[in-house]
Amino acid sequence: MAGKDSREFREIYERLLVFYGPRGWWPVTREGGSRPEYCGGPVNHSQRLEVALGALLTQNTSWRGAGKALENLISRKLMNLQSLLEIPETELASLIRPSGYFNQKARKIKTFIKFLAERYGQSWQRFFSEPADRMRELLLELNGIGPETADSIVLYAAGQASFVIDNYTKRLFYRLGHSPLGIPYESLKRRFEKALPAESALYGEYHALIVTHCKERCTSRKPACTGCPLSDLCARRGVVSGKD
DNA sequence: GCCCAGGCTTAAA
DNA sequence: TTTAAGCATGGG
């Protein structure tokens, strides 16, 4: 089974990479820049923090709104532990309004920031050097961080191999005929991690390509199957349907 | 107006 | 243990 997944998951990856090209995930704001751009992920700790907050802010929300919320924080020089620790939760909520669920998300950000400060103090950057499994475990204990957000932080903020699953991944691999409709998160994650070598660059690119493909082509309502780079591998090619 | 968007928590069945 | 409701803005 792992052998079959291994061949097929790699083939899907190669096809998507050729078709769309490298995605440059996760978007980060350059030093002196005003908004997040796709240029290859974080290279400093302020950017790692930005990626982690972005992962919280984009929960069940389009990236557009999350990006705008990040811009607001960055333009006010708040993308550092001390400022985020000091800002009142209500003020934080008003700044991240465009990302939706702003009250809940403000609380989640506060929870995460307090965790870093209380556990690591001044050397909070050490958090990103925790082993991937340990980091994931710590994140999952925090209110507001579930499996996808935890994996996004481990993979894109810390640069460690942990495969990210999301609804796009579930939908695409269901349509391709590789997994049942309501497959549990951990189950699909394990399949990817067994099928592929544990390389953060590979995991990061793969997830980014899946998101691109599902946003641009394999959409919820009317998938654009004509010209799809995966159509000859797909169990549901040409099947027009409402959902799924 | 309805549907969807790079989820998660809490409470009810 | 599975299912539903709630969270909320913004674009198509």
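Keep in mind that what you see is a predicted model, and the values were worked out from it rather than measured. Throughout, a chain's letter reflects where its sequence line sits, starting with A, and its residues are numbered from 1.
- Between A/Arg64 and A/Asn60, it is A/Asn60 whose nearest contact on DNA chain C lies nearer the 5' terminus.
- Among the protein residues, A/Tyr38 comes within range of the nucleic acid bases, having at least one heavy atom under 4.0 Å from a base atom.
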*asked:* side-chain hydrogen bond (donor to acceptor under 3.5 Å, both in side chains), that's the test. Do A/Glu71 and A/Ser34 meet it? Break it down for me.
replied: CA-CA 6 Å; A/Glu71 276 181 54; A/Ser34 62; 5.6 Å; no
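- When the C1' atom of B/dC4 is taken as reference, atom CD of A/Glu216 falls 16 Å away, rounded to whole Å.
- Across A/Lys108, A/Gln104, A/Glu148, a single residue satisfies side-chain hydrogen bond (donor to acceptor under 3.5 Å, both in side chains) together with A/Gln59, and that is A/Lys108.
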Grab the N/O contacts between the protein and nucleotides 8-12 of chain B below 3.5 Å, and write none if there aren't any.
residue, atom, partner, partner atom, Å
B/dC8, OP1, A/Gly146, N, 3.0
B/dC8, OP1, A/Gly146, O, 3.0
B/dC8, OP1, A/Pro147, N, 3.4
B/dC8, OP1, A/Glu148, N, 3.3
B/dC8, OP1, A/Thr149, N, 3.0
B/dC8, OP1, A/Thr149, OG1, 2.9
B/dT9, OP1, A/Gly144, N, 3.0
B/dT10, OP1, A/Asn143, ND2, 3.4

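- Among the atoms of the strands shown, base atoms are found under 4.0 Å from some heavy atom of A/Lys215.
- Note that the first and last nucleotides of DNA chain C, 5' to 3', having any atom under 4.0 angstrom from a heavy atom of chain A are C/dC7 to C/dG11.
- With values rounded to the nearest 0.5 angstrom, A/Asn167 atom CG is found 10.0 Å from A/Cys214 atom SG.
- In this structure, A/Arg35 and A/Thr29 approach most closely via the heavy-atom pair C-OG1, 3.3 Å.
- For the pairing with A/Phe9, the ring pair (Phe, Tyr, Trp, His ring centres under 6.0 Å) check across A/Phe192, A/Phe163, A/Tyr206, A/Tyr203 returns one residue only, A/Phe192.
- A search for side chain to side chain contact (heavy atoms under 4.5 Å, CB included) contacts involving A/Ser75 returns nothing, not counting sequence neighbours.
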_CA sep, side-chain torsions, deciding dist, call: A/His45, A/Trp124, side-chain contact (heavy atoms from CB on, under 4.5 Å)_ = CA-CA 9 Å; A/His45 289 298; A/Trp124 59 271; 3.9 Å; yes
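- Here the shortest heavy-atom pairing between A/Phe127 and A/Ile153 reads CE2-CG2, 4.4 Å.
- B/dA11 and C/dA8 have their P atoms separated by 16 Å, given to the nearest Å.
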